[in-house]
Amino acid sequence: PKSKNSFLPILAATILCEEKIVLKQNPNYSDIFCFANILRVLGKKVSFVGNDIIVEESGFNHTFVPQVLASKLRSSSLVLGPLLARFKKAKIAMPGGCKIGQRPLDIHLNCFKKMGVVVNQTCDFVECLGFDMKSTTLNLRFPSVGATENFLMASVFLEGTTILNNVAQEPEIVDLANFLNKMGANISGAGTNQIVICGVKKLCGTTFTPIADRIFVGTMMIASALLGGEILLKNAEPKHVLSVSKILGQCGFTIKTFDDKIVVKSAQNAKTTNLKTAPYPGFATDLQSQMLVLLSCLNGQSVVKETVFETRFHTAHELNKMGADIKICDQTAYVFGPAKLHGANVVAGDLRGGAALVLAGLKAEGQTIVENIFHIDRGYFEFEKTLQSLGADITRRDC
């Protein structure tokens, strides 16, 4: 499937354009449909035709995202940049999303202020007025993906040159820049720690296909290592999951890549390893929970340090219910294996943790019930069917 983390900022970027935009190969994640509703409230006409998403003007424009929509996903904050760029004002209720730690908007808002934006913030809403916005040089204190995307979109129409330093380098940033450039923007440096935006007057409509979902690919690579056998992943981008390949290789699993294909083969005597999450090209925090499951089942002790989100170890508590031996101290998990996992009733607390619990349930003896699967639907479309196609005994039971 295509990347959720590319589709969402690209959908936000459609606000910048008055013409028709077609996005190909919709992955059908529930977050996509939530974001489409945000665009509709803002005045866009969004249609789902086959596997395409078509975004057009509807004849009216609004700049306010209410709480009922903003609370559903963190990426609702991505409308701030394009709304400021096009309409010079934006107001959103505080964003929602996975409960994986503090995810403040301070990086976004402080840099907006340096661009000349007037920011009014309460505990419920953020209002930005950009009538005096100007191009400038911004230095991010942390390479935030969302902040990088917001500044990228906020800067496309500013006269002169905007320089963004210490920015996120994720493939999804490159994808957003490629999309904007295809519409007529002038952006260079995406994928490095400095992005340069030269302002343009207008963006034109286009047709665009976002990149493959590297987190889905990484999840399936870990699933194959955990559950045994051999898996062939097609239409993947091997260079986007190099950190996963490296960690699995250190554990003893065989990884082979061919253009847009990845093969993962199980190992007889796999061993543990240590890892630390980090911004790209480091090991993705979105794959940390899945790796906890795998490391729990390997022989020996491993150490997992989380550097991005401070409460991302919530899943460890659920895994311990299933027989894992994971101890958390500050931002570090100490994993002792091999655990003999057993079935249990567990609760998905976030998107990636939910996927990890499903994988643990497939590895465990007996029956496992994973509750709150709406989290999983946000980033895995019909996850159970994908796993069934590989031989898994898994059934969806919607309540």
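Values in this document were obtained by computation on a predicted structure and should not be read as measured data.
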What's the separation between atom OG1 in Thr272 and atom CD in Gln250, rounded to the nearest 0.5 Å? 10.5 Å
Does Ser75 use its side chain to pair, donor to acceptor, with the backbone of Leu78 at less than 3.5 Å? no
Is the side chain of Asn26 donor-acceptor paired with the backbone N or O of Asn28 at a distance under 3.5 Å, no angle test? yes
For the pair Asp330 and Lys305, find out whether any cationic side-chain nitrogen is under 4.0 Å from an anionic carboxylate oxygen. no
If we count only N and O atoms by modelled type, under 3.5 Å, do the side chains of Glu306 and Thr285 hold a donor and an acceptor together? yes
According to the interplanar angle, ranging from 0 to 90°, do the rings of Phe48 and Phe33 count as parallel (below 30°), tilted (30 to 60°) or perpendicular (above 60°)? tilted
Leu164 and Thr162: side chain to side chain contact (heavy atoms under 4.5 Å, CB included), yes or no, with the steps? CA-CA 7 Å; Leu164 310 177; Thr162 300; 3.9 Å; yes
Okay, side chain of Ser155, backbone of Leu152: is any donor-acceptor separation there less than 3.5 Å? no
Could you check whether any side-chain N or O of Ser58 sits under 3.5 Å from a backbone N or O of Gly43, counting only pairs where one atom can act as donor and the other as acceptor? yes
Do other residues, nucleotides or ligands put more than 12 heavy atoms under 6.0 Å from the CG atom of Asp393? no
Does Phe131 form a side chain to side chain contact (heavy atoms under 4.5 Å, CB included) with Val118? I'd like the steps, not just the answer. CA-CA 9 Å; Phe131 297 102; Val118 176; over 6 Å; no
How about Glu18 and Arg86: do any of their side-chain heavy atoms sit closer than 4.5 Å? yes
Taken to the nearest 0.5 Å, the spacing of Ile32 CD1 from Lys2 NZ works out to 13.0 Å
Under-4.0 Å salt bridge between Lys20 and Glu56: no
Less than 4.0 angstrom from a charged side-chain N to a carboxylate O is my criterion; do Arg312 and Asp286 meet it? yes
With a 4.5 Å heavy-atom cut-off, do Ile187 and Val196 have their side chains touching? no
If the test is side-chain contact (heavy atoms from CB on, under 4.5 Å), which one of Pro279, Pro143, Ser6, Pro281 qualifies with Glu170? Pro279
Quick check: is Val126 connected to Ile15 through a chain of hydrophobic side chains (ILVMFWY, heavy atoms under 4.5 Å apart)? yes
Report yes or no: does Asn320 contribute a side-chain atom to a donor-acceptor pair with the main-chain N or O of Ile326 at less than 3.5 Å? yes
Donor-acceptor pair, Lys363 side chain versus Leu226 backbone, under 3.5 Å? yes
Minimum heavy-atom separation for Gly323 to Leu341, with atom names? C-CD2, 4.1 Å
If two hydrophobic side chains count as joined below 4.5 Å and joins carry through other members, does Leu42 share a cluster with Phe60? no
So does Ala90 get a backbone contact from the side chain of Thr63, meaning a donor-acceptor N/O pair under 3.5 Å? no
When hydrophobic residues are tied together by side-chain contacts of less than 4.5 Å, even through go-betweens, does Val303 share a cluster with Leu319? no
Does some side-chain heavy atom of Ile215 sit less than 4.5 Å from a side-chain heavy atom of Arg352? yes
Under 3.5 Å, is there a donor on one side chain and an acceptor on the other for Asn166 and Asn139? no
CZ-CE distance between Phe383 and Met220, expressed to the nearest 0.5 angstrom: 6.0 Å
Hydrophobic cluster membership, with links at side-chain heavy-atom distances under 4.5 Å among I/L/V/M/F/W/Y: are Val46 and Phe208 in one? yes
Minimum heavy-atom separation for Cys251 to Leu295, with atom names? SG-CD2, 4.4 Å
Side chain to side chain contact (heavy atoms under 4.5 Å, CB included) assessment of His317 paired with Ile328: CA-CA 9 Å; His317 174 71; Ile328 307 299; over 6 Å; no
Does Val264 belong to the same Ile/Leu/Val/Met/Phe/Trp/Tyr cluster as Ile222, with side-chain heavy atoms less than 4.5 Å apart forming each link? yes
I'd like to know if the side chain of Asp175 reaches the main chain of Pro171, judged simply by a donor and an acceptor atom lying under 3.5 Å from each other, with no hydrogens or angles considered. no
Between Lys88 and Asp132, does a salt bridge (Lys or Arg N to Asp or Glu O under 4.0 Å) hold up when you go through it step by step? CA-CA 8 Å; Lys88 305 302 180 186; Asp132 296 317; over 6 Å; no
So OG of Ser289 and CG of Asp350: to nearest 0.5 Å the spacing works out to 5.5 Å
Can you measure from SG (Cys128) to CG (Leu80) and round to the nearest 0.5 angstrom? 5.0 Å
Centroid-to-centroid, Phe7 to Tyr29, below 6.0 Å? no
Give a yes-or-no answer on whether the side chains of Asn150 and His108 include a donor-acceptor pair shorter than 3.5 Å. yes
Aromatic ring pairing Phe216/Tyr380, orientation class (parallel under 30°, perpendicular over 60°, tilted between): tilted
So, does Glu318 use its side chain to make a donor-acceptor pair with the main chain of Val347 at under 3.5 Å? yes
A side-chain contact here means heavy atoms from C-beta on lying under 4.5 Å apart; do Asp325 and Ser296 qualify? no
Determine, step by step, whether Asn165 and Gln194 satisfy the side chain to side chain donor-acceptor pair (under 3.5 Å) criterion, reporting the C-alpha distance in whole Å, the side-chain angles of both residues, the deciding distance to 0.1 Å, and the verdict. CA-CA 5 Å; Asn165 292 316; Gln194 182 185 77; 2.8 Å; yes
Within the supplied structure, the quantity of interest is the number of heavy atoms (other residues, nucleotides, ligands) at a distance under 6.0 Å from Lys182 NZ; does it exceed 12? yes
Thr277 and Gln288: side-chain donor and acceptor closer than 3.5 Å? no
Looking at every non-hydrogen atom in both residues, tell me the closest pair between Ala154 and Ala85 and how far apart they are. O-CB, 3.7 Å
Side-chain contact test, heavy atoms from C-beta onward, threshold under 4.5 Å: evaluate it for Phe313 versus Thr315 and give yes or no. no
Kindly check if the number of other-residue, nucleotide or ligand heavy atoms within 6.0 Å of CD (Glu365) is above 12? no
Answer yes or no: is there an ion pair linking Lys261 with Asp259, defined by an N-O contact shorter than 4.0 Å? no
Decide side chain to side chain contact (heavy atoms under 4.5 Å, CB included) for Leu180 and Met183; before the verdict, give the C-alpha distance in whole Å, the side-chain angles of both, and the deciding distance to 0.1 Å. CA-CA 5 Å; Leu180 292 169; Met183 290 196 294; 3.8 Å; yes
For the residue pair Pro210 and Ser3, establish whether any side-chain heavy-atom pair is separated by less than 4.5 Å. no
Rounding to 0.5 Å, atoms CG (Asn181) and CD1 (Ile197) come to a distance of 10.0 Å
Are Glu57 and Arg40 within salt-bridge range, i.e. N to O under 4.0 Å? no
Lys/Arg N to Asp/Glu carboxylate O, Glu19 vs Lys202, below 4.0 Å: yes
So, do Thr273 and Lys271 sit near enough that their side-chain heavy atoms are less than 4.5 Å apart? no
Please confirm whether the backbone N or O of Met221 pairs with a side-chain atom of Ser224, one donor and one acceptor, at under 3.5 Å? no
Under a 4.0 Å threshold between the charged nitrogen and the carboxylate oxygen, would Lys89 count as salt-bridged to Glu127? no
Does the side chain of Ile255 reach to within under 4.5 Å of the side chain of Val263, using non-hydrogen atoms? no
Taking Lys24 as the fixed residue, which of Asn51, Thr209, Asp52 is the one that meets the side chain to side chain donor-acceptor pair (under 3.5 Å) rule? Asp52
